[in-house]
Amino acid sequence: MPANAVDRLAEELGAVAGMKLELERPSDPAHGDFATNAALRAAASQRRPPRELAEELAAHARSLGAVERAEAAGPGFVNFFLADAWFADALAEMLAAGRDYGAGFAVRPEKVQVEMVSANPTGPLTVASARNAAYGDAVARLLEFGGHDVEREYYWNDAGRQMDLFRASVDAVRRGEPPPADGYQGDYVALLAAQAGDPVPAMLEQIRKTLHRFRVDFDSYTREADLADEVAPAMARIDTYESEGTLWARTTAQGDDKDRPLLRSSDGSFLYFASDVAYLARKLERHDRAIYVLGADHHGYVARLKAAAQMLGYDPQRVEVLIYQLVHLTRGGAQTKMSKRRGDVVFLDEFIDEIGVDAARWFLSDRSPEQTIEIDVDLAAEKSQKNPVYYVQYAHARIAGILRNARDAEMSAEPRGSLAPEERELVKRLAEFPALVAEAADRRGPHAVPLYAIRVADDFHRFYHDHRVLESDEQAFRLGLVKATQNVIWRALDLIGVEAPESM
RNA sequence: GCGCCCGUAGCUCAGUGGACAGAGCGGCGGACUUCUAAUCCGCGGGUCGCAGGUUCGAAUCCUGCCGGGCGCACCA
């Protein structure tokens, strides 16, 4: 039996009508609490007028207790108006589930590794990496909420040209010399120079702390050096050939646009792609699914990673590369460019100092990943009604206030009288949550969650404005309703790493 | 040149075939003796980049074009 009231209703309707159907919430309240276009969809294959099928479906639907009224409308929609009993059922299951309402939607739980950030430790994290962290972590949280076993992974280099350049830059400062050409500079280089020892692990530790502050914590850190023993065996498993004095992977045979060199011809050492292949093999040995979270500037990786999986003999479907577009910061309209090697950068720590973790995570999570983000720092820093993150948090805090005043007064999913329109709207909104979060996870699109949270806050604030909870005739029911609302808001915010305050 | 992403209200963006295309911000006007007014209510604003095509039906799918971003290393 489906776990939530909307799915259950859809299934019951489908059963009496003899067809599979999906319910949607019409934008126009005149079109009922829920509606379906099933008749329009089925019309072609059944070779019958959609309107006729809709009439039939409506007639069947009227036999259900949850349905108060059902009518065919428009070109072949069926609109359903639900009885109060359905709302009580829906609220009862929300209260029973608590903060886990909507959880466990994974049809087949998997072991999933989500690799994110993985920035070279040559400097503090920038806002570009912050989007990676915010997006990757939100996807990870969604998958966990669905029931998957998720590992958050950070891959870092401790060798290579950029590392050498970084170390040389720090050493130069230590000797009182200018950094090498194309080297790194800035206050953080001077700070690292003031400490003894290898600056690379020190920088990584600083990154780890910043991410922790950003509420993103990793289960595992893998270094390129950790893969050393696995590279040669991995090379033996894939399709290679020798040409121009080096070894090549024949990735073009698997859809890549060019073959990839594996060895540096000058000294015969393995190139980065060789480690990539070994690393991918390790990922797929240990996990059902390997997710990479990469910025748009790395989209060229997709084809070669898929090709590598194919050559290694794994189903390339198990490799998923999530690409997100870049971030632009504006301040009063003027753009701020980001580069680690110049002085005028915007670091994640500065960003958090300025707008706070909650606003930072919100604004890096509320746009679809394929959309370039533009954040006006001044606006995001404003703690006012302009800022949607506070609008949603305020709803949570308001409810906390009611619950404090209610002490341990009884809650009930059953209303004593009939429901007010604002109560019906709020219950329906909350009832959307399981499907919404399942779809957000499935599409790797966590931005749907904060946008939904705004809708919940809308419906709550409206309800709050029109109805008293405490000492009303419906106190028990309304306490239950606001508790369920608070749980959903808490969870929605938690899924994007934003806190839900008890007071504001 | 080739590949990926984007183009929807003044601005920032939702909307992966269905009912008149939505929200926030900005603008204007209202509402506190009440569990938090960081709230609520009302009013505006659109050739969904352009042109074809598929479909009973297209912002959504296909083709071409125009604009913008990002890639196309024996760097990572």
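Atoms considered below: every heavy atom in the structure, side chains included; atoms not considered: hydrogens, waters and symmetry mates. The chains referred to below are lettered A, B, ... by the order of the sequence lines, with proteins before strands, and numbering in each begins at 1.
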So which nucleotide from [options] ends up closest to the side chain of [X]?
{"X": "A:P26", "options": "B:A19, B:C74, B:U36", "value": "B:A19"}
{"X": "A:R468", "options": "B:C6, B:U34, B:A73", "value": "B:U34"}
{"X": "A:L271", "options": "B:C75, B:G18, B:C70", "value": "B:C75"}
{"X": "A:T246", "options": "B:C35, B:C74, B:C20", "value": "B:C74"}
{"X": "A:H31", "options": "B:G18, B:C20, B:C4", "value": "B:C20"}
{"X": "A:L470", "options": "B:C35, B:A37, B:G71", "value": "B:C35"}
{"X": "A:L451", "options": "B:A14, B:C6, B:A76", "value": "B:A14"}
{"X": "A:R367", "options": "B:A19, B:G71, B:U12", "value": "B:U12"}
{"X": "A:Q325", "options": "B:U39, B:C5, B:A19", "value": "B:C5"}

Can you tell me, in whole Å, how much space there is between the [atom1] of [N] and that of [M]?
{"N": "B:G15", "M": "B:C61", "atom1": "P", "result": "12 Å"}
{"N": "B:U47", "M": "B:A38", "atom1": "C1'", "result": "39 Å"}
{"N": "B:C66", "M": "B:G22", "atom1": "P", "result": "33 Å"}
{"N": "B:G68", "M": "B:C28", "atom1": "C1'", "result": "34 Å"}
{"N": "B:C70", "M": "B:C13", "atom1": "P", "result": "15 Å"}
{"N": "B:C6", "M": "B:U60", "atom1": "C1'", "result": "15 Å"}
{"N": "B:G45", "M": "B:C62", "atom1": "C1'", "result": "33 Å"}
{"N": "B:G64", "M": "B:C48", "atom1": "P", "result": "22 Å"}

With respect to the phosphate group of [N], does any side-chain polar atom (N or O) of [X] fall under 4.0 Å of OP1 or OP2?
{"X": "A:R462", "N": "B:C41", "value": "yes"}
{"X": "A:Y394", "N": "B:A38", "value": "yes"}
{"X": "A:Q371", "N": "B:A14", "value": "yes"}
{"X": "A:R443", "N": "B:U16", "value": "yes"}
{"X": "A:R455", "N": "B:G24", "value": "no"}
{"X": "A:H396", "N": "B:U36", "value": "no"}
{"X": "A:S27", "N": "B:C20", "value": "no"}
{"X": "A:R51", "N": "B:C56", "value": "no"}
{"X": "A:Y390", "N": "B:G24", "value": "no"}

Would you kindly compare A:A35 and A:T372 by the position of their nearest RNA chain B nucleotide and give the one closer to the 5′ end?
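On the 5' side of the pair lies A:T372.
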Counting the atoms with a prime plus P, OP1 and OP2 as sugar-phosphate, which does A:E471 contact under 4.0 Å by heavy atoms, base, sugar-phosphate, or nothing?
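No contact.
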Heavy atoms under 4.0 Å, any strand shown: does A:G401 hit a base, just sugar-phosphate, or nothing?
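The answer is sugar-phosphate, as A:G401 gets under 4.0 Å only of primed atoms, P, OP1 or OP2.
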Examine A:H298 together with A:Y301 and report whether their ring centres are nearer than 6.0 Å.
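Yes - the distance between ring centres of A:H298 and A:Y301 falls below the 6.0 Å cut-off.
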Side chain of [X], base of [N]: donor and acceptor closer than 3.5 Å?
{"X": "A:D257", "N": "B:C2", "answer": "no"}
{"X": "A:Y452", "N": "B:A14", "answer": "no"}
{"X": "A:H298", "N": "B:G71", "answer": "no"}
{"X": "A:N79", "N": "B:A19", "answer": "yes"}

Any cation-pi pair here, A:K283 with A:Y292, using under 6.0 Å and within 45°?
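Yes, a cation-pi geometry.
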